[in-house]
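Notes follow once the structure below has been shown.
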There are 2 protein chains.
Amino acid sequence: MASSSESNTRPIRLADIAKAAGVSHGTASNVFSRPEIVREEVRERVKAAAEAMGYAGPDPKGRLLRAGKVNAIGVATTEPLSYFFDDPFARAMMAGISEACDATGAGIALVSAGNQEKLAWNIQSALVDGFILFCIEGGSRLVELTRERKLPFVALELGFDDDTVSAIGVDNVAGARLAAQHLAELGHRRFAVLALPFADGSTGLVSPEKVRTALYTGTRDRLVGYFEAFSRYGVDTAGIPVYETENDEASTRAGLETIFASAAQPTAILAMSDRIAMVAIEWLAARGIAVPGDVSVVGFDGVPDAALCDPPLTTVAQPIAEIGRRAARTILDFDGTVRRETLGVELVVRASSGPPPKAA
Amino acid sequence: MASSSESNTRPIRLADIAKAAGVSHGTASNVFSRPEIVREEVRERVKAAAEAMGYAGPDPKGRLLRAGKVNAIGVATTEPLSYFFDDPFARAMMAGISEACDATGAGIALVSAGNQEKLAWNIQSALVDGFILFCIEGGSRLVELTRERKLPFVALELGFDDDTVSAIGVDNVAGARLAAQHLAELGHRRFAVLALPFADGSTGLVSPEKVRTALYTGTRDRLVGYFEAFSRYGVDTAGIPVYETENDEASTRAGLETIFASAAQPTAILAMSDRIAMVAIEWLAARGIAVPGDVSVVGFDGVPDAALCDPPLTTVAQPIAEIGRRAARTILDFDGTVRRETLGVELVVRASSGPPPKAA
DNA sequence: AGCAAAATTTGAATCGATCCAACAAAGGTG
DNA sequence: CACCTTTGTTGGATCGATTCAAATTTTGCT
């Protein structure tokens, strides 16, 4: 009371309030964290002192150290932060994560960075109870970085054989088989595959040997699924071009150029992501190639946008939101065990696939 | 060495490493935070000890308390967390915020909650250096909650007269004027307005008196802008229905039902958000009312989706990403001053607006 | 060798709370 | 009145690091 009301010199601590109210810091702490156990008269006195001194309430920084739990889960990726708001797959996933977090009142911390060193630092210093990793490109590095933090974490997409890391993903082989089978049953016999990355930083046509050594098991499994269906339907697999893209517009277009430059043009394209599929549809339309009249396209993922494009995309739908929910629960209910879940997928037939042209 | 390699009992602290390596904790700390100032031999010894004991590196929880800065900015809303990934306006804003955060390596913490008490708690306990507030419904409560935290914060949309809170928004009066003027110049004389909320929790037709007492200045200003243009073009403002929506599908549809139930149907609808406008377009199409043949629709916001709907929406575009960038910078470069910025808007004419029908 | 300057290392203090065992006071009981 | 509860309060210990002035060791130079 004697001094000025708002001194700008130094933030007010709980101890200051305690002294001003003439109680111990223990009691002052109780006033805020368990008000019911302190006598009303004292409680009011302390609150009044806090009010008078402009105390903002117990600083979470202090509480955190003592409590140990942050009550927030970190979601990390090697892409820039805006990826979470731009990419349809990421958004659907975040919706599922959000739901689980809302239910328990946990927060979400987005972790990423422009460059590599910053990313490493941000993962090391993120104030979270655990991580959900978007393992797209550079996934293995991300896993290594996170592992060092020694916090619970779960990888999205089981892109790693490593059984020591928790992961949630889908049955890629079955999904891919479903997609290829659908096209084969429609009568297609000439295929092309637009693949996701096999390893970091490479693109282009992929040789059969490289397929076997694919770093990313997700990519490999989808390919396995495709080829399983091919051989079951007696499709000649020798001439099927498999083009490795970076799941972006540029590399997909390059792949299409390559594929359609060859003599035997495909009547069906199997894209390993909806992103790729939608770029393909756009590219084909621009070339005057009818979808599905001349060429059918089947995607993979089942992002919401796929239903809206023109023509609506036939695709293998992953339960994206459910994956997100489970990933969040894996961190929130962490029990020290490794949890690896494989969810089922579903073929969603829309207008981008149909029988091959008669002329063929 | 003598004991078991991985004891699960208690996490390893920096002090443990220091003891194991036979150095002071001060030196051990330096090994991790400023390795260059410790002699190589010692540095290696400490690192080896850390490695051997499975030390995860300095715990950010501890560092935080000392350092004071979290290096993350909180983004809060009263909506559920998924709002950030679903709503087009929010997404565009987050893209701008992401960009600014990526540039400085700051993280983003999403703050929200299912219910009110949890939201209050989450705001009080969020580990952030400042807040960006999405002031939609319940904005004033959100501001009050955040103010108590005594951290820098900035409100998106200058929905508050209160000059003590930093805010970034657009010139709503000018934007609204632009929209109404555009329609008036096309020849429209019979308008209807689908408004954003005037205050929490009310909807329905709005009386002129209520307009003046509008709690949300954003809503009020847009209305002012519309009416400025009306009177400038000699439009009879007496009979113009102003329907207060909650910026969602249900209340917008209700508003349209009300508006089109009356005798004098409008030839032009001014929607205070693209969300409302797009719902309106859909509603009109379902009723067989041609847009813009029978009724023109002009939105407000300029979300990316507006360009994609059918017909593409004429709207008043806010520099959404730029607002986000500036909001983030306001927190990151906080200098203790209140910053209020008003950005310009731009009328984007697309296919949802045209001359009124001749028959009228 | 002798000494000043430079390079390292030390250890106490600090950041801001929460927890808990011990203690004090008030209320109830035989 | 002595004794046991119940209710409230206290203050030391702790969470896990960083910081910085002071102490110590090295190095450089004559």
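Not measured: the values here are computed from a predicted model. All chains are named by letter (A, B, ...) in the order of the sequence lines, taking the proteins before the strands, and each is independently numbered beginning at 1.
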Report the distance from atom CD1 of I132(B) to atom CD1 of I323(B), rounding to the nearest 0.5 Å. 11.5 Å
So which nucleotide from dC19(C), dG16(C), dG11(C) ends up closest to the side chain of R13(A)? dG16(C)
Ring centres under 6.0 Å, that's the criterion: do F89(A) and F134(A) meet it? no
Indicate whether OP1 or OP2 belonging to dA17(D) is found under 4.0 Å from a side-chain N or O atom of Y55(B). yes
How many Å lie between CZ on R34(B) and C1' on dT18(D), as a whole number? 8 Å
Consider the side chain of R63(B), meaning its heavy atoms from C-beta on, and name the nucleotide among dG11(D), dT9(C), dT18(D) that approaches it most closely. dT18(D)
Under 4.0 Å between a Lys/Arg side-chain N and an Asp/Glu carboxylate O for E144(A) and R147(A)? yes
Do the side chains of F131(B) and L151(B) get nearer than 4.5 Å, heavy atoms only? yes
From CD of E40(A) over to P of dA26(C), roughly how many Å is that when rounded to an integer? 18 Å
How close or far is atom P of dG16(C) from atom NZ of K150(B), stated in whole angstroms? 15 Å
By nearest nucleotide on DNA chain C, pick out whichever of T27(B) and R66(A) is the more 5' one. T27(B)
Out of dT18(D), dA17(C), dG16(D), which nucleotide sits closest to the side chain of S29(B)? dT18(D)
When rounded to whole Å, the CZ to C1' distance for the pair R39(A) and dA26(C) reads 10 Å
Selection from dT18(C), dC15(C), dT9(D) that lies nearest to any side-chain heavy atom of V38(A): dT9(D)
Tell me the interatomic distance from L64(A), atom CG, to dT14(D), atom C1', rounded to whole angstroms. 14 Å
Atom-to-atom span, CD1 of I37(A) to C1' of dT6(D) - whole angstrom: 13 Å
With a 4.0 Å cut-off on heavy atoms, is F32(B) in touch with a base, just the backbone sugar-phosphate, or nothing at all? nothing
Rounded to the nearest angstrom, tell me the gap between atom NZ in K61(A) and atom P in dT18(D). 16 Å
Please tell me whether F85(A) and F85(B) form a close aromatic pair, meaning their ring centres lie under 6.0 Å apart. yes
What's the NE2-P distance between H25(B) and dA12(C), to the nearest Å? 8 Å
